[in-house]
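Below: one structure, written as structure tokens.
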Amino acid sequence: AQSVAQPEDQVNVAEGNPLTVKCTYSVSGNPYLFWYVQYPNRGLQFLLKYITGDNLVKGSYGFEAEFNKSQTSFHLKKPSALVSDSALYFCAVRDRAGGSYIPTFGRGTSLIVHP
Amino acid sequence: GAVVSQHPSRVICKSGTSVKIECRSLDFQATTMFWYRQFPKQSLMLMATSNEGSKATYEQGVEKDKFLINHASLTLSTLTVTSAHPEDSSFYICSASLLRGGIDTQYFGPGTRLTVL
């Protein structure tokens, strides 16, 4: 079975400050991990993914995420937040060992960047 | 690359009518497409998985006779909401799967806002 948790419904950060959006996962084997962003009334846009290799994954718009196997986490980060980063962020996981090739999505975290 | 479009972006219809939503992968062929439903401030709910040339696989609790899915080609899947009712009002999002970087990655359409009066 695979599951993913985004413990924060909302994250508030001031523009220019670093941001972190948290994600933890549970899988039977090793995970594939994804981050997506959704702007209002739009579909999801792919940001980045972890398959294997370096634990730090760099993605679109200056975002990066760090895979931490011991903590089963894949937190999304950005060194300096922009107001335009305000959106809904979804983490997703897929178990390499599982039979399903469909990822499970978290409930989403609303990021609000204040000017 | 990996652009997915949906049409229409917004539709308002009367109760009892049927509505068709198209999902297209514009610059790649997708053997698998997915249909999701999203309620306000909630996550995505997977409705069905659509494979080209075969019947869709519906998630538990999704009425296949109400939500008809056709995947006629490698670039087009359609979702038809039959005999729509106000409770079917929602944001419907499709995605298409593309093998990239060693793994199938889903790329999403912009969504369709359905309002049933």
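Below, read A as the first sequence line, B as the second, and so on, with proteins coming before strands; counting in each chain starts at 1.
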Is it true that, when you exclude B:R10 itself, more than 12 heavy atoms of the residues, nucleotides or ligands shown sit nearer than 6.0 Å to its CZ?
no
Is it true that, when you exclude B:K66 itself, more than 12 heavy atoms of the residues, nucleotides or ligands shown sit nearer than 6.0 Å to its NZ?
yes
Under a 4.5 Å side-chain heavy-atom rule over Ile, Leu, Val, Met, Phe, Trp and Tyr, are A:Y39 and A:V13 clustered together?
yes
Say whether B:M33 and B:V19 are linked into one hydrophobic cluster, either directly or through other cluster members, by side-chain heavy-atom distances under 4.5 angstrom.
no
Residues of residues 48-61 of chain B with a heavy atom under 4.5 Å from any heavy atom of chain A, in residue-number order, are B:T49, B:N51
Taking heavy atoms only and a threshold strictly under 4.5 Å, list by residue number the residues of residues 81-97 of chain B that touch chain A; give 'none' if the list is empty.
B:F91, B:I93
Only pairs of heavy atoms separated by less than 4.5 Å count here; which of B:P110, B:G109, B:S9 has the most with chain A?
B:P110
Do A:L33 and B:L98 sit in the same hydrophobic cluster, where Ile, Leu, Val, Met, Phe, Trp and Tyr count as joined when their side-chain heavy atoms come under 4.5 Å apart?
no
Measure distances from A:Q6 to the heavy atoms of chain B and classify the residue's part below 4.5 Å as side chain, backbone, both or neither.
neither
Is the NE2 atom of B:H7 crowded by more than 12 outside heavy atoms at less than 6.0 Å?
no
Pick one of side chain, backbone, both or neither for B:Q106, based on which atoms fall under 4.5 Å of a heavy atom in chain A.
both
At a 4.5 Å cut-off on heavy atoms, which part of A:F46 comes close to chain B: side chain, backbone, both, or neither?
side chain
Between B:S43 (side chain only) and A:G106 (backbone N and O only), is there a donor and an acceptor less than 3.5 Å apart?
yes
Within residues 49-63 of chain A or reaching into it, pairs that qualify as side chain to side chain donor-acceptor pair (under 3.5 Å) - sequence neighbours excluded
A:Q45-A:Y61, A:K49-B:T105, A:K58-A:E64
Straight-line distance of B:Q38 CD to A:F90 CZ, nearest 0.5 Å:
5.0 Å
Please look at A:Y36 and chain B and tell me whether the side chain, the backbone, both or neither of the residue comes under 4.5 angstrom of a heavy atom of that chain.
side chain
I want to check something: taking the side chain as every heavy atom from C-beta on, are B:L44 and A:L44 in contact at a cut-off of under 4.5 Å?
yes
For residues 81-91 of chain A, pull every pair meeting side chain to side chain donor-acceptor pair (under 3.5 Å), keeping only residues two or more places apart or in separate chains.
A:K78-A:D85
Apply ring pair (Phe, Tyr, Trp, His ring centres under 6.0 Å) to the pair A:F34 and B:F108, showing each step before the final yes or no.
CA-CA 13 Å; A:F34 308 83; B:F108 287 81; over 10 Å; no
Is the CZ atom of A:R42 crowded by more than 12 outside heavy atoms at less than 6.0 Å?
no
